[in-house]
Colleague: 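The following block contains the structure, expressed as structure tokens.
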2 protein chains.
Amino acid sequence: MTASPPDSTPDPHMSDALPPCEQHVRQYAAVRNAHETELLEDYVELIGDLLKYQGEARSADIAARMGVSQATVSKTVTRLKSQGLVDSQPYRSLFLTEKGEAMAEMARKRHAIVLQFLRTLGVSDSTARIDAEGMEHHVSRETLEAMERFTREHCRG
Amino acid sequence: MTASPPDSTPDPHMSDALPPCEQHVRQYAAVRNAHETELLEDYVELIGDLLKYQGEARSADIAARMGVSQATVSKTVTRLKSQGLVDSQPYRSLFLTEKGEAMAEMARKRHAIVLQFLRTLGVSDSTARIDAEGMEHHVSRETLEAMERFTREHCRG
DNA sequence: GAAAAAAGTTAGCCAAGGCTAAGACATTGT
DNA sequence: ACAATGTCTTAGCCTTGGCTAACTTTTTTC
């Protein structure tokens, strides 16, 4: 038996019950979707930062900062190139295509907003950095705007 | 040449520059780590909810809610069982072990806090649901407490 | 109670993202 | 200039998390 599902109850106050199925599917799909681009965004963002602060972006630096092997970086860079985000000559520094630049800029901004928001909320710097890194890929435009608004209104300085 | 790295500058105001390497590694490691448990947490959380609101948790329901095939659910459930989170007989409903129950409870609470926090921030319900689903796995205890505090202080009702 | 439908499983495929080991290329030092 | 060192790539392996197709078991329906 199906235990008489208390189904089809679009009660606006039942906020903690199961959402309707199609909505639930959309939620999980959004998460899976974010996962696909997450890593590439992290790479592109890091490459952008390295170019900006160190003048060049070497695979070795990326491997050191990401905490993964150089082989892993090499493989991922191949994917980045195949997606038209990065350009490079073998054994040379990496650089970003226009598309990669745009993605890096977007990621950089978003990261900064989330990080500043968490700090303003009262989270310590080191925790804020860790959480921002994980959260940033799952923050929609709408939430990002809410965070910006909050930071603007509450930030001392 | 290494473009004269502006290294070893622990300036507290350089908050947007590259963090020191070891800290950077820890950030990325935390994200990778979260990824490993994320899916299992989602399953356990959903199974808990299904048990609570529908009386039983069938693979078909999970597949429908997650938007994946039954085969995928079956495979993942095998993993959940091997990790001691779920118990089940073949062709029968799933249930949670004590360990699974504890994880579900934790995830449920965390999810609720994040969701309510986003709503209180002024994010619309449907967006809040999507973002909460993605964000929840990357929110530390400290940030969770900050969110609770904020919600307590700002929530109408 | 047997046929049809639904639910669950298994096998085999694929891509992503890790790893190690081995080799190719580049830079540096003497 | 060439050997040592460091950087990058390739090959091959593993696990995770998707899929389809084919099969088994359970449930429903007539």
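Proteins get letters first, then strands, A, B, ... in listed order; numbering begins at 1 in each. Hydrogens, waters and symmetry mates play no part in the numbers below; they use all other heavy atoms, side chains included. The structure displayed is predicted, hence computed values, not measured ones.
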Colleague: Answer yes when Arg32(B) and Glu133(A) have at least one side-chain N-carboxylate O distance shorter than 4.0 Å, and no when they do not.
Modeller: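 No salt bridge links Arg32(B) with Glu133(A).
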Colleague: Using the rule given for side chain to side chain contact (heavy atoms under 4.5 Å, CB included), can you reason through Arg65(B) versus Leu18(A), listing the C-alpha separation, both sets of side-chain angles and the distance that settles it, and then say yes or no?
Modeller: CA-CA 10 Å; Arg65(B) 297 232 161 229; Leu18(A) 288 168; 4.0 Å; yes
Colleague: To the nearest Å, how far apart are Leu80(B) CG and dT16(D) P?
Modeller: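 Taking CG of Leu80(B) and P of dT16(D), I get 11 Å after rounding.
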Colleague: Rounded off to whole Å, could you give me the CD-to-C1' distance for the Glu56(B) and dA7(C) pair?
Modeller: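 Whole-Å distance recorded here is 11 Å.
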Colleague: Using whole Å, what does the distance between atom P of nucleotide dC14(C) and atom NZ of Lys75(B) come to?
Modeller: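 Going from NZ in Lys75(B) over to P in dC14(C) covers 13 Å.
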Colleague: Check the distance between dT25(D)'s C1' and Tyr91(B)'s OH and give it to me in whole angstrom.
Modeller: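 To the nearest whole Å, that distance equals 5 Å.
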Colleague: Any idea which of dG18(C), dA26(C), dT7(D) is nearest the Ala60(A) side chain?
Modeller: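 Side chain of Ala60(A) sits closest to dT7(D).
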Colleague: If you compare every side-chain N and O of Thr72(B) against the phosphate oxygens of dG18(D) (OP1, OP2), does one of them come in below 4.0 Å?
Modeller: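 Answer is no, no contact under 4.0 Å.
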Colleague: When the distance from CG of Asp61(A) to C1' of dT7(D) is rounded to whole Å, what number comes out?
Modeller: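 After rounding, the gap between these two atoms is 11 Å.
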Colleague: Just N and O in the side chain of Arg58(A): are any of them under 4.0 Å from OP1 or OP2 of dC8(D)?
Modeller: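 Checking dC8(D) against Arg58(A), a side-chain N or O does come within under 4.0 Å of OP1 or OP2.
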Colleague: Counting side-chain heavy atoms from C-beta on, which of dC8(D), dT9(D), dA26(C) comes nearest to Ser74(A)?
Modeller: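 Of dC8(D), dT9(D), dA26(C), dT9(D) is nearest to the side chain of Ser74(A).
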Colleague: Where the side chain of Ser59(A) is concerned, which of dG18(D), dT27(D), dT9(D) is the nearest nucleotide?
Modeller: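 Minimum distance to the Ser59(A) side chain belongs to dT9(D).
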Colleague: Whole Å only: how far is the NZ atom of Lys81(B) from the C1' atom of dT9(C)?
Modeller: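 Between C1' of dT9(C) and NZ of Lys81(B): 11 Å.
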Colleague: State plainly whether the residues Asp125(B) and Arg119(B) are in salt-bridge range, i.e. N to O under 4.0 Å.
Modeller: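 So Asp125(B) pairs with Arg119(B) through a salt bridge.
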Colleague: Calculate the interatomic distance between Tyr28(A) atom OH and dG18(D) atom C1'; express it in whole Å.
Modeller: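 Tyr28(A) atom OH is separated from dG18(D) atom C1' by 16 Å.
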Colleague: In this structure, how many angstroms lie between the P atom of dA15(C) and the CG atom of Leu40(A), rounded?
Modeller: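 Atom CG in Leu40(A) sits about 16 Å away from atom P in dA15(C).
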Colleague: Could you tell me whether His35(B) and His138(B) have their ring centroids closer than 6.0 angstrom?
Modeller: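 Here the rings of His138(B) and His35(B) have centres that are less than 6.0 Å from each other.
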Colleague: How do Gln70(B) and Arg32(B) order along DNA chain C: which one's closest nucleotide is nearer the 5' end?
Modeller: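 The residue closer to the strand's 5' end, by nearest nucleotide, is Gln70(B).
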Colleague: Could you work out which one of dC19(D), dT10(D), dG18(C) sits closest to the side chain of Ala71(A)?
Modeller: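 Nearest nucleotide to the side chain: dT10(D).
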Colleague: Just call it for Ser69(A): base, sugar-phosphate, or nothing, with non-hydrogen atoms closer than 4.0 Å on any strand.
Modeller: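 Base contact - Ser69(A) has a heavy atom under 4.0 Å of at least one base atom.
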Colleague: Can you label the angle between the Phe150(A) ring and the Phe117(A) ring as parallel, tilted or perpendicular, going by 30° and 60°?
Modeller: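 Judged by the thresholds at 30° and 60°, the geometry between Phe150(A) and Phe117(A) is perpendicular.
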